[in-house]
There are 2 protein chains.
Amino acid sequence: MSESSRPQRGENLDTMPKRGKPTLRTIATIAGLAVTTVSRALSDAPQISLETRQRVHRIAREIGYLPDRAAQRLKTGRTNVIAILLDSHEEVVGFSTSIMYGIAKALKETSYHLVVAPNFLSTTNVEAAEYIIRNHLADGLIFTRTEPLDARVRLLLETGFPFICHGRTEFSTPHPYVDYDNFTFAYEATRRLIAKGRRKVTVILPPKRLTFCQHILHGFMTAVREAGIAYEIPEAVDLDTPADLLRDFISARAAALEAPDGFICPGEVSALAAISGMSDAGRTLATDYDIVAKETSRLLTQLQPKVDTIHEDLTAAGEDLGRMLLQRINNPDVADLHLLLPPQINFPIG
Amino acid sequence: MSESSRPQRGENLDTMPKRGKPTLRTIATIAGLAVTTVSRALSDAPQISLETRQRVHRIAREIGYLPDRAAQRLKTGRTNVIAILLDSHEEVVGFSTSIMYGIAKALKETSYHLVVAPNFLSTTNVEAAEYIIRNHLADGLIFTRTEPLDARVRLLLETGFPFICHGRTEFSTPHPYVDYDNFTFAYEATRRLIAKGRRKVTVILPPKRLTFCQHILHGFMTAVREAGIAYEIPEAVDLDTPADLLRDFISARAAALEAPDGFICPGEVSALAAISGMSDAGRTLATDYDIVAKETSRLLTQLQPKVDTIHEDLTAAGEDLGRMLLQRINNPDVADLHLLLPPQINFPIG
DNA sequence: GTCAAAATTTAAAACGTTTTCATTCGTCGA
DNA sequence: TCGACGAATGAAAACGTTTTAAATTTTGAC
C-alpha cells in the first residue's frame with residue numbers, strides 16, 4: 001500500500017458536476033485490493049476467492065459502478081453490441097417489432113445491447129452491413145426478409161462476420177438462420193380449406209423476391225395438386241400491398257365470376273383486408289367463404305366468427321436469433337447453426 | 001528516430017486473419033512522423049503545416065485508415081453517437097422513418113452515427129432514456145410524440161443530458177425542440193373547407209395525450225368559432241386507429257344524420273381511410289364533401305380528384321433536429337434552441 | 001519445521017487515441 | 001552575433017479496462 005490514495009477529486013471537476021464516475025480504481029481503493037483483482041472478481045474469474053468476489057460485487061453495487069464500455073471495447077476488441085439491419089425502405093412494422101422484442105429478451109441478462117441500424121442513405125441493403133463491418137459498430141448482425149441470393153449473406157460469409165438471419169437463402173450456401181416452416185403452414189392451411197369443403201382456393205403471397213414466398217407457394221401447390229382442386233394466385237397484390245388496396249382488390253375479385261371461396265392469408269393485415277373486402281362484396285365469413293390466416297399477434301382472436309389460424313411466434317424466433325448469434329460470436333466454429341420453427345396449428349387437423 | 005519500428009506483425013495474428021488494422025502508428029511510421037502529429041493532421045489542427053497535413057490525409061486514405069472509435073471515446077468521453085428513442089410500443093411507421101432519414105442526412109458529413117434505441121423491455125418510455133444516460137450509450141437523444149408533461153423531457157432537463165425533441169411540452173418548461181405549426185395547419189385547413197362552402201366540419205385528432213393534439217384542436221376551434229359553423233369531434237377514433245376501423249367508422253358516420261361534409265385529416269392514412277369510408281357510403285369527393293389533409297410523403301398527389309393538402313416536411317424537420325442537437329452537444333449553453341416550422345399550404349388562401 | 005505446489009493476489013503492459021508540455025529549428029530584431 | 005520568438009513537431013501521460021507474467025500467501029506432504 002504505497003501511494004494508493006492519489007488526490008482524485010482535486011480541482012478538476014469544475015467543468016461539470018460529473019461526480020467522478022466510479023471506476024475499477026474506486027472499488028480497488030475502497031476494498032484495499034488491486035485493480036486486477038477487482039476486474040477478475042467482477043468477471044467471476046475462477047482464481048478469485050469466494051469471499052473477495054462477493055465483497056467486490058457488493059461494493060460495486062453499492063457505489064453504482066458501471067463498466068466503461070469504451071475501455072472494455074478498446075481492450076477486448078468487442079463492442080458488446082448486436083445490430084439489426086433495416087432494409088433501405090423497410091418500415092419497422094409489427095413484424096420486426098416482435099422479433100426485436102425477442103432479441104432484446106435474449107440479450108437481457110448478457111452484456112450485449114441491441115441497436116437498430118437504419119440504412120437510409122444507401123441504396124442497397126448490403127451497404128448498411130458493409131458500413132457496420134468497416135466501422136466495427138457491432139459484434140454481430142441480424143436481419144430479416146432474406147432473398148434466395150442474398151447480397152448481405154454473401155458479404156457476411158465472405159468477411160466471416162458473425163450473423164444470423166430470419167429466413168433462408170437458396171440451399172447451396174449454408175449459413176446460420178432461424179426460419180419458420182412456411183411450407184407446412186401453407187400446406188396445412190390449404191388442406192384445412194379443402195376439408196371445410198371449399199372448392200377454389202387462393203393465397204396472398206409475399207413479394208416474389210423473398211425466399212419464403214417460394215416456400216408458401218410450394219406448400220400451397222402441393223396441397224392443391226394432391227386434392228386436384230381449383231385455385232388462383234393473384235398477381236396484382238402481395239402481402240406488402242397497403243391494406244385498403246388489398247381490400248378493394250379482394251372486393252372486386254369477389255364480385256367477378258368464379259371467385260375463390262377459400263383464402264390463405266399469411267399475415268393478419270391481409271386477413272382483415274380479406275374479411276373487409278369480402279364483406280364489401282356482400283359475402284359472409286364461414287358461410288360463403290373461409291380463411292386460414294397466419295397470426296403473429298392476438299389481433300384475430302377478437303373476430304366473430306373466428307377464423308382458423310396458424311400461429312407464428314415471432315418473439316420466440318427473436319429469442320432464438322439472439323441466443324444463436326451470441327453462440328456464434330463466442331464460438332465461431334459451431335457448425336451449421338440453424339433452426340426451423342414448426343407452425344402452431346390452432347384447429348383440429350385430420 | 002530511436003526505435004520506432006517495433007516488430008508489430010510478429011506471431012500474434014494467428015488467431016484471426018485480421019490484417020493488422022491500420023492505426024495512427026501505421027501512418028506515423030509510413031510518414032516518418034510522430035503519432036501526435038498524425039493525430040493533429042487528421043483532425044485539421046491549426047499548427048500543422050499544410051504540406052504535412054495533406055500528406056497525412058493522403059496516406060490515411062490510401063491505406064484505408066479508420067479511427068478506432070473505442071479509443072476516441074475512451075479518451076474524449078464522447079461516443080459520437082446520437083440515439084433516437086422509440087416509444088415502448090411505437091412502431092416506426094412512415095412518420096419516424098422520414099425523421100430518421102433527415103437526421104441521418106444532418107449527420108452525414110460529421111463523425112456522428114445514428115442508432116435507434118428500442119425500448120421493448122421497459123414499461124415506461126422514460127426508462128429507455130435512463131438506460132442510455134446511465135450507460136452513456138450516446139452523446140445526445142432525440143425523440144418524438146411529446147406530451148404536455150413529458151417524463152423524458154423532465155429527466156433529461158434534470159440530468160443536463162443533451163436532447164431535442166420533435167414536438168413541445170407545456171410552455172412552462174423551456175426545452176430544445178423542433179415542432180410543426182399545427183395550430184396554423186388546422187386553422188387554415190378549416191378555413192379552406194369553410195371557403196369551399198362546407199357546412200359541417202370534423203377533424204381526426206391525434207391521441208389526446210400528445211401535445212400537438214391540443215394545437216390542432218385549438219386551430220380547428222378558432223376557425224370554427226370565427227365562422228360560427230357546425231362541427232363535430234369524433235371520440236371513438238384517432239390518428240392511431242388502424243385504417244380499416246377508421247374507414248368503417250367514417251362510412252357508418254356518413255350514413256347517419258347530419259353527417260359532416262368537411263374533413264381535416266392530419267395524416268395521409270386517415271385521409272385515405274376517409275375517402276374509402278365515404279366512398280363506401282356512396283359519397284363522392286369534391287361533390288358531396290371535401291378533405292384537407294396533411295401530407296408528409298407524396299401519397300396523396302396521385303389521387304383524382306385532388307384533395308387539398310398542407311405539407312409537413314418531416315425530413316427537413318429531421319435535419320433540423322440533427323443539426324440543432326449537434327449544436328447543443330458542442331455548445332451546452334446555447335439558449336433556447338427551438339424552431340417552429342411553418343405549414344406549406346398547397347392551395348390558394350384568401 | 002521445511003520446501004514445493006497450489007491458491008490467491010498484484011504489478012505492469014497494452015489497446016489506440018487525445019492532449020499537455022517540451023523540444024527543435026529557422027527567422028528576425030537588436 | 002546573440003537571444004528571443006514563433007512555427008512545427010515530438011515525447012509521454014492519460015483515459016479505464018483486460019491480460020500476461022510475476023509475486024505473495026496458503027496449503028499439504030514429508
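Nothing here was measured: the structure is a model prediction, and the numbers come from that model. The chains referred to below are lettered A, B, ... by the order of the sequence lines, with proteins before strands, and numbering in each begins at 1. Just so you know, these numbers use all the heavy atoms, side chains as well, and skip hydrogens, waters and symmetry mates.
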Which nucleotide in C:dT17, D:dT18, C:dT20 has an atom nearest any side-chain atom of B:Thr23: C:dT17
Closest nucleotide among D:dT18, C:dG16, D:dT9 to the A:Thr76 side chain: D:dT18
Sugar-phosphate only, base, or nothing, as touched by B:Arg40 at under 4.0 Å among non-hydrogen atoms: base
B:Ser39 side-chain N/O to C:dT17 phosphate OP1/OP2 under 4.0 Å: no
Pairwise 5' ranking along DNA chain C for B:Gln47 and B:Leu66, keeping only the more 5' one: B:Leu66
Sidechain N-carboxylate O distance under 4.0 Å for B:Asp139, B:Arg78: no
D:dA7 phosphate, OP1 or OP2, under 4.0 Å from B:Ser49 side-chain N/O: no
Residue whose closest nucleotide on DNA chain D lies nearer the 5' end, B:Thr52 versus B:Lys75: B:Thr52
Sugar-phosphate, base or nothing in reach of B:Ser43, heavy atoms under 4.0 Å: nothing
Stepwise salt bridge (Lys or Arg N to Asp or Glu O under 4.0 Å) check, B:Glu62 with B:Arg58: CA-CA 6 Å; B:Glu62 279 171 4; B:Arg58 189 171 44 71; 3.4 Å; yes
Whole-Å distance separating the CD1 atom of B:Ile27 from the C1' atom of D:dG10: 17 Å
Side-chain N or O of B:Gln72 closer than 4.0 Å to phosphate OP1/OP2 of C:dT18: yes
Ring center gap for A:His136 and A:Tyr131 short of 6.0 angstrom: no
